[in-house]
Amino acid sequence: MAWIYLMIAATFEMGWAIRLKYTYGFSKLWPSVLTIAAMIISFQFLAMAMKTLPIGTAYAVWTGTGAVGVAILGMFLFGESRELARILSIALIVAGVVGLKVFSGQAVA
């Protein structure tokens, strides 16, 4: 279950990071409320995953997965760069996340 919790946490991390753009520095009420709610949910699931996963693995997978998701969403939602070097850099993060999952010593969820 820890890996499922971690993926839920990463999904909410992507959500709050994208929503953060719409808060305009937390000056817009409802985007700010939704962003903060997603932050709380993300941290709660991360904490649940950390009950059994090593902290270094859990945190690195959470941030790496979130960063990859936000970078990809940024390309589609905000027209951010799709240069090959950027895509290869994202692929390296994915490789690191997969490596942490494979070599974490935890059973596959």
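Note that the coordinates shown come from a computational prediction; the quantities given were computed from them, not determined experimentally. Only heavy atoms go into these numbers, but all of them, side chains included; no hydrogens, no water, no symmetry mates.
Closest non-hydrogen pair, A2 versus A49, comes out as O-CB, 3.4 Å. A pairwise comparison of heavy atoms in S32 and S27 identifies OG-N, 4.2 Å as the closest pair. Smallest separation of non-hydrogen atoms from A58 and L6: O-CD1, 3.5 Å. Here the shortest heavy-atom pairing between A9 and S42 reads O-OG, 2.8 Å.
Annotation: cation-pi pair K28/Y22 absent, no NZ/CZ under 6.0 Å from the ring centroid and within 45° of its normal.
Here the straight-line distance linking atom CZ of R19 with atom CH2 of W16 works out to 13.5 Å at 0.5 Å rounding. Summarising the geometry, atom CD1 belonging to I4 is positioned 10.5 Å from atom CZ belonging to F45; distances are rounded to the nearest 0.5 Å. The OG1 atom of T35 sits 11.0 Å away from atom CD1 of I40, with the distance rounded to the nearest 0.5 Å. Atom CG of residue L73 and atom CD of residue E80 lie 9.5 Å apart, to the nearest 0.5 angstrom. Taken to the nearest 0.5 Å, the CG atom of L20 stands 9.5 Å off from the CD1 atom of I36. The distance from atom CD1 of I55 to atom CG of L46, rounded to the nearest 0.5 Å, is 8.5 Å.
Between the side chain of R82 and the backbone N or O of M75 there is at least one donor-acceptor pair closer than 3.5 Å. Here the side chain of R86 pairs a donor or acceptor atom with the backbone of S81 at under 3.5 angstrom. Between the T63 side chain and the Y59 main chain, a donor and an acceptor come within less than 3.5 Å of each other.
Pairs of residues two or more places apart, or lying in two chains, never qualify as side chain to side chain donor-acceptor pair (under 3.5 Å) while including a residue from residues 65-77.
Within the 4.5 Å cutoff, side-chain heavy atoms of W3 are placed close to those of V61.
Checked against a 6.0 Å centroid threshold, the rings of F43 and W62 count as neighbours.
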